[in-house]
Amino acid sequence: MIKAVRGTRDLLPPDTALWNFVEDTARDVFRAYNFQEIRTPIFEATELFARGVGEETDIVAKEMFTWEDRGRTFGEVIADIQTWVEENKHSAGPFDLKKITDQLRSDRRDGQSLTLRPENTAGIVRAYIEHKMWDRGLNKFFAIGPMFRRERPQKGRYRQFYQIDAEIIGPPSAGSESPARDAEILELVATLLDRVGIKDWTLQLNSVGCPNDRAKFNEALRKALEPVVSRMCADCQRRATTNPLRVFDCKVPEDQPIIETLPRISHFLDEGCRNHFEEVKGILKAVGVDFVENDRLVRGLDYYTRTAFEFTHGALGAQNAILGGGRYDGLSEALGGPAAPGIGFAIGEDRLVLSLGKSAEDVMRAPDVYIAPLGAGMNREAARLARELRGADNNLVIELGDESFKLKKSIPTAEKLKSRYVLIVGENEVKADAFALKHLASGEQVTVPRAELAQRIVQK
Ligand code: HAM
């Protein structure tokens with residue numbers, strides 16, 4: 001038997017109702033905060049993540065699904081050029097050999113390293129640059145979709161998992177640097193978690209400063225690590241020289257007492273970063289969003305500057321971060337774009353669903369009516385009626401039975417589906433143009449003329 005690959009899983013009904021509930025709620029909240037959807041490809045050039053997320057991060061160093069895409073054959077390049085000429089024949093004017101040879105040269109015939117996206121921020125910033133979206137001022141994006149990391153699978157950790165991502169990005173002149181945006185994003189998350197019914201979350205908040213602060217901090221970290229690093233794990237020994245900040249990602253229990261003694265970024269923030277952080281906290285207090293400061297929180301991606309945060313939830317065990325995010329004021333420049341400060345977060349949707357404490361039945365919409373055709377030729381009548389009812393009220397949920405079922409089979413089927421009503425469509429009913437409507441919970445049965453059916457079913 002062929003099974004789903006390790007670390008991936010099928011999301012099946014009825015559980016998918018929980019996923020729909022979460023995504024519908026998220027879309028409602030994003031609409032209320034004036035965010036718009038963006039969809040970027042599931043795979044990108046490997047270089048995007050190496051430069052964006054950082055070579056030394058666990059994500060890039062160990063967890064990416066990367067492959068070498070084969071280059072195009074000579075025949076494929078020629079075919080592409082033909083298509084290009086065909087598509088451009090009206091705009092290109094007279095036959096332009098130079099344009100065609102330029103196109104030939106710019107076409108890659110060699111292969112390219114590609115990677116399944118391990119996260120969405122780098123792809124969204126790439127799209128921002130590629131489509132020159134600074135012209136629109138401040139952009140408020142959201143995206144929902146699968147991400148891929150080759151991590152060791154366990155509860156709440158998968159190799160294909162889903163994120164609900166939001167990003168605010170734009171030129172500084174559009175206010176993208178303002179602490180008001182950080183607070184808005186955090187307050188949005190609190191609203192979303194409240195609306196899906198997750199109560200006991202904790203917002204862990206830190207500022208990881210700007211590149212200047214980071215340089216001083218890294219220097220101090222290197223010094224502090226020197227005498228102790230030989231007692232730490234191999235990863236930390238490497239990080240101590242390449243990117244000392246990443247030592248804080250270490251999960252090895254024996255290293256933790258050493259990490260506890262290391263200097264913290266909070267002591268290295270310059271005045272601008274300190275003021276920015278104070279303002280974020282001030283707005284959060286004003287709007288009543290609780291947080292705890294955690295100056296060990298550095299996040300597992302290199303692009304963060306200033307505000308960094310995670311929302312944790314006790315029910316999740318070891319993988320307790322429902323979501324994480326922060327500011328990435330230098331990411332656009334690192335990817336070759338203009339200055340475009342930004343802040344965002346990504347919810348681990350798998351973890352959010354795990355923390356809901358709801359069952360699929362709590363959020364599912366059962367059928368309003370089960371139409372039971374009784375006897376030969378009644379499937380047609382039932383289908384006509386179903387079409388009329390759906391047309392009368394597009395909110396009705398209607399399930400259709402089959403004329404080969406007897407009433408003895410139709411009623412239990414409707415009960416199993418938790419339908420509110422059973423509508424009986426037999427020869428006599430069709431002749432009279434009035435149908436038996438049975439309310440399953442009370443057992444009450446009435447005959448309702450065709451024209452009044454929809455109204456009667458909607459009434460409850
Ligand atoms: P991240 O902390 O790497 O941040 O991931 C965000 C969330 O995705 C985590 O808190 C967790 O809930 C979920 N997650 C990560 N890995 C897995 C996994 N293997 N299985 C299940 N869930 C997982 C980012 O990805 C950033 N792009 C967030 C961001 C957006 N920062 C700014 N904007």
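Remember, it's a predicted structure, so these values are computed and weren't measured experimentally. All heavy atoms count here, side chains included; hydrogens, waters and symmetry mates do not. Note that ligands are numbered from 1 as they come in the structure, with each ligand's atoms numbered from 1 the same way.
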Inset, instruction - Determine, for Arg9 against Asp350, whether the closest basic-nitrogen to carboxylate-oxygen distance falls under 4.0 angstrom. - result: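 Yes, this pair counts.
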Minimum-distance protein heavy atom relative to [atom]:
atom: atom 27 (N) of ligand 1; value: Glu119 OE1, 2.6 Å
atom: atom 13 (C) of ligand 1; value: Gly348 CA, 3.5 Å
atom: atom 7 (C) of ligand 1; value: Ala346 O, 3.4 Å
atom: atom 5 (O) of ligand 1; value: Gln163 NE2, 3.3 Å
atom: atom 14 (N) of ligand 1; value: Phe161 CE1, 3.5 Å
atom: atom 32 (C) of ligand 1; value: Gly344 O, 3.3 Å

Could you see which bit of [X] sits under 4.0 Å from ligand 1, with heavy atoms only: side chain, backbone, both or neither?
X: Arg351; result: side chain
X: Glu310; result: neither
X: Arg299; result: side chain
X: Ile343; result: neither

For [X] against [Y], the heavy-atom pair lying closest together:
X: Leu335; Y: Arg51; result: C-NH2, 3.4 Å
X: Gly209; Y: Asp213; result: CA-OD2, 3.3 Å
X: Ser266; Y: Asp295; result: OG-OD2, 2.9 Å

Legend entry - From Lys251, Arg238, Arg239, Arg149, residue fulfilling salt bridge (charged side-chain N to carboxylate O under 4.0 Å, His left out) relative to Asp58: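 That would be Arg239.
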Legend entry - Glu119 vs Arg117, salt bridge (charged side-chain N to carboxylate O under 4.0 Å, His left out): CA-CA, chis, key distance, verdict: CA-CA 5 Å; Glu119 61 98 54; Arg117 62 183 186 191; over 6 Å; no
Enumerated ligand 1 atoms positioned under 4.0 Å from heavy atoms of [X]:
X: Gly156; answer: 20 (N), 21 (C), 22 (N)
X: Glu167; answer: 30 (C), 32 (C), 33 (N)
X: Tyr304; answer: 26 (C), 28 (C), 29 (C), 31 (N), 32 (C)
X: Leu301; answer: 3 (O), 4 (O)
X: Glu151; answer: 16 (N), 17 (C), 18 (C), 19 (N)
X: Ala321; answer: 10 (O), 11 (C), 12 (O)

Legend entry - Charged tip of Lys140 within 45° of Phe142 ring normal and under 6.0 Å: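 Here Lys140 fails the 6.0 Å and 45° test against Phe142.
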Legend entry - Check: Asp329 side chain, Glu177 main-chain N or O, donor-acceptor pair, under 3.5 Å: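 Here the side-chain-to-backbone pair does not exist.
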Legend entry - Flag for Thr121-Glu167: side-chain donor and acceptor within less than 3.5 Å: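 The answer is yes; a qualifying pair exists.
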Legend entry - Under 3.5 Å: N/O of Ala166 near N/O of ligand 1: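 In this structure, Ala166 places no N or O atom under 3.5 Å from an N or O of ligand 1.
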Legend entry - Working for side-chain hydrogen bond (donor to acceptor under 3.5 Å, both in side chains), residues Asn320 and Thr312: CA-CA 5 Å; Asn320 68 352; Thr312 53; 4.8 Å; no
Inset, instruction - Could you check which of Tyr303, Tyr158, Phe345 puts a non-hydrogen atom nearest to atom 26 (C) of ligand 1? - result: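 Ranked by closest heavy atom to atom 26 (C) of ligand 1, first place is Tyr303.
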Inset, instruction - Out of Glu63, Glu349, Met147, Arg149, indicate the one that has the non-hydrogen atom closest to atom 3 (O) of ligand 1. - result: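 Comparing heavy atoms across Glu63, Glu349, Met147, Arg149, the nearest one to atom 3 (O) of ligand 1 lies in Arg149.
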Inset, instruction - Check Asn294, Ile265, Val292 against Asn206 for a side chain to side chain contact (heavy atoms under 4.5 Å, CB included) and give me the one that passes. - result: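 Running side chain to side chain contact (heavy atoms under 4.5 Å, CB included) over Asn294, Ile265, Val292 with Asn206 returns exactly one hit, Ile265.
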Inset, instruction - Look up atom CE in Met364 and atom OG in Ser359, then write down how far apart they are to the nearest 0.5 Å. - result: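 Here the interatomic distance stands at 9.0 Å.
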